[in-house]
A.B. asks: 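Please see the structure below; I have some questions.
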Number of protein chains: 2
Amino acid sequence: MLKLTRKVEYALIALRHMQGKELESVSSTKEIAVRYNIPIEILAKTLQHLAKENIIEPINGPHGGYRLKAQLGDINLVEFFERVEGPLGLSDCFYDSNCVQIDYCNIRTPIQRINANMMSMFRSMSVQDVTN
Amino acid sequence: MLKLTRKVEYALIALRHMQGKELESVSSTKEIAVRYNIPIEILAKTLQHLAKENIIEPINGPHGGYRLKAQLGDINLVEFFERVEGPLGLSDCFYDSNCVQIDYCNIRTPIQRINANMMSMFRSMSVQDVTN
DNA sequence: TTTATATCCGATAGATTCTGTCGTATATAT
DNA sequence: ATATATACGACAGAATCTATCGGATATAAA
Ligand code: FES
Ligand code: FES
C-alpha cells in the first residue's frame, strides 16, 4: 500500500545516474544495470519507455545508449509518475468509476480531499529534487 | 501504485457509518455490509481487526455488533494506516533492508525525503478528518 | 560488407499482494 | 434451546508487479 513500483525506482536511479555525468555523455542500459544491480531486461524496457516519453534520447549502435533530453527540473513528480505508470490516485474511484461502492460510498469526498493533498505534495517536487 | 487498499477503505466506511449514529448505538457487520455493498466476510475481518486494535468495541449476541471506542480525532492517518495494514513507506527499503539495490542505490536518501513529506502529510490528518 | 554492440518490442512466465470465500467455534439475548 | 452475532484460521481466485525470452532494427568500426 502506498508504495512506488520498481519501475519508477529504476527510472529514477537511471535518471540520477545520467544527471551525474557530463551533458553530452551517453549511458548504456548495460552500464546502468551492472552499476546498480538491476535486471537488465526490465531496465531496458524502462529506458525505452522514458525515451518514448521524450525524457531521454536513445542513441543506437556501438557506444550508444541514452542521454538526458528533458529538463528534469520542469517535470513534477505527479507528471513523472503518470508518464511512467499511468493515472495516479489514492483510489481508482476518481478516474475509473467501476467501483461497486460508488453509489453508496460515504467516504468518497473526504478521500478525494486527501488525494488532492497527496497530489499537491508530489506536484511540489520535481524529478530533479530526487536526482540531485 | 500509491493506492489505498480496500481493507482501509472498508474500515473508513464503517467508522464513518458508526460516527454518524448515536454514541451508544451499535452497528452490526451485516448492517454495514448491506448498506455499503461490501462483501460481508471481508468486512467482518476488518471489523474484528479494528476491535483488536481497540478502535471499536465488539458486542456479542443478538442485537450485537460494534460501536466506537477510540477517539477518532486522536488517531492520525499514519497511525491508522499502520494499525490496519502494517508498516508504511514509499519503499520497503526503509524498514525492510532486503532490497537488492541497497548497496548501490543512488536515490535512497532523496526517496526517504519524499517519504518523510508524505508521512508528515498523512500525520497532519486524523481519522476524524475522513469520517466527518 | 561483415561483425559486434546497442536499442526496440511483443509475448510470456513467475512472484507477490490483494481480495474474497468457507468452515467452524464462541458468546449471549430471548 | 434457538437464533443471531462476533472470532478466526485456512484457503482460493484475481490482479498487479516483476522478470525473462526471442527475435527485430540501427549503426559504428574493422
Ligand atoms: S470506495 Fe469507491 S467510491 Fe468509495
Ligand atoms: S531501491 Fe532499495 S535502497 Fe534504493
Side-chain angles (χ1 to χ4, degrees), chain A residues 1-11 13-14 18 26-34 37-53 55-67 69 81 84-88 90-92 96 98-101, chain B residues 1-11 13-14 18 25-34 36-67 69 81 84-92 96 98-101:
Chain A
M1 181 184 154
L2 292 173
K3 273 202 264 293
L4 301 178
T5 60
R6 283 301 199 192
K7 189 171 176 190
V8 163
E9 293 193 345
Y10 295 160
I13 288 175
M18 294 180 202
V26 163
S27 313
S28 76
T29 303
K30 192 176 172 188
E31 166 191 339
I32 299 173
V34 168
N37 199 27
I38 300 172
I40 190 165
E41 294 294 353
I42 205 170
L43 178 63
K45 292 217 157 177
T46 303
L47 296 178
Q48 283 156 30
H49 188 156
L50 291 179
K52 263 199 161 173
E53 288 289 338
I55 294 170
I56 58 180
E57 178 185 24
I59 294 168
N60 266 326
H63 310 300
Y66 299 91
R67 64 185 164 205
K69 187 171 180 190
F81 291 161
V84 173
E85 285 287 357
L88 194 62
L90 279 180
S91 167
D92 294 331
D96 181 345
N98 271 14
C99 179
V100 199
Q101 272 82 44
Chain B
M1 182 182 154
L2 292 174
K3 273 203 265 292
L4 301 178
T5 60
R6 284 299 200 191
K7 190 172 174 187
V8 164
E9 293 192 346
Y10 296 160
I13 288 175
M18 293 180 205
S25 81
V26 164
S27 313
S28 75
T29 303
K30 191 176 173 187
E31 166 190 339
I32 299 173
V34 168
Y36 300 100
N37 200 26
I38 300 172
I40 190 165
E41 295 294 351
I42 206 170
L43 178 64
K45 291 212 160 183
T46 303
L47 296 178
Q48 283 156 30
H49 189 155
L50 291 178
K52 264 198 160 175
E53 288 288 339
N54 280 303
I55 294 170
I56 58 179
E57 178 185 25
I59 293 167
N60 266 324
H63 309 300
Y66 299 91
R67 65 185 162 203
K69 188 171 178 190
F81 291 163
V84 173
E85 285 288 356
L88 194 61
L90 278 180
S91 166
D92 294 330
D96 182 347
N98 273 14
C99 179
V100 200
Q101 272 82 43

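Values below: all heavy atoms of this structure, side chains included; hydrogens, waters and symmetry mates excluded. A note on names: the letters A, B, ... follow the listed sequences, proteins ahead of strands, and every chain is numbered from 1.
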A.B. asks: Taking the minimum atom-to-atom distance to the side chain of A:P62, which one of C:dT19, C:dT21, C:dT5 wins?
C.D. replies: C:dT5

A.B. asks: Between A:H63 and A:L4, who's closer to the 5' end of DNA chain D by nearest nucleotide?
C.D. replies: A:L4

A.B. asks: Considering only side-chain heavy atoms of A:E41, which listed nucleotide, C:dT21, D:dT20, C:dC8, is closest?
C.D. replies: D:dT20

A.B. asks: Kindly point out which of C:dA6, D:dT20, D:dC8 is positioned nearest to the side chain of A:N60?
C.D. replies: C:dA6

A.B. asks: Closest approach to the side chain of A:M1, judged atom by atom: which nucleotide of C:dC18, C:dC22, D:dA19 is it?
C.D. replies: C:dC18

A.B. asks: Of the candidate nucleotides D:dA5, D:dT20, C:dT7, which contains the atom at the shortest distance from the side chain of A:P58?
C.D. replies: C:dT7

A.B. asks: For A:R67 and C:dA6, give me the distance from atom CZ to atom C1', rounded to whole Å.
C.D. replies: 15 Å

A.B. asks: Between atom CG in A:N98 and atom C1' in C:dT19, what is the gap in whole Å?
C.D. replies: 16 Å

A.B. asks: Look at A:Y10 and D:dT18 and indicate whether a side-chain polar atom (N or O) is within less than 4.0 Å of OP1 or OP2.
C.D. replies: no

A.B. asks: At less than 4.0 Å, is any side-chain N or O atom of B:Y66 found next to OP1 or OP2 of D:dA7? Yes or no.
C.D. replies: yes

A.B. asks: By nearest atom, which of the nucleotides D:dT18, C:dC8, C:dG23 is closest to the A:R6 side chain?
C.D. replies: D:dT18

A.B. asks: Out of C:dC9, D:dT6, C:dG20, which has the shortest distance to the side chain of B:T29?
C.D. replies: D:dT6

A.B. asks: What nucleic acid atoms does B:K30 come within less than 4.0 Å of, heavy atoms only: base, sugar-phosphate, or nothing?
C.D. replies: nothing

A.B. asks: Let me know the distance between CD of B:E57 and P of D:dA5, rounded to the nearest Å.
C.D. replies: 17 Å

A.B. asks: Confirm from the modelled atom types if B:Q48 and D:dA7 form a donor-acceptor pair under 3.5 Å, side chain to base only.
C.D. replies: yes

A.B. asks: How close or far is atom P of C:dC18 from atom NZ of B:K45, stated in whole angstroms?
C.D. replies: 15 Å

A.B. asks: So for B:K7 and C:dG20, does any side-chain atom that can act as donor or acceptor lie under 3.5 Å from a complementary atom in the base?
C.D. replies: no

A.B. asks: Taking the side chain of B:T5 as heavy atoms from C-beta outward, which of D:dA29, C:dT30, C:dC18 is closest to it?
C.D. replies: C:dC18

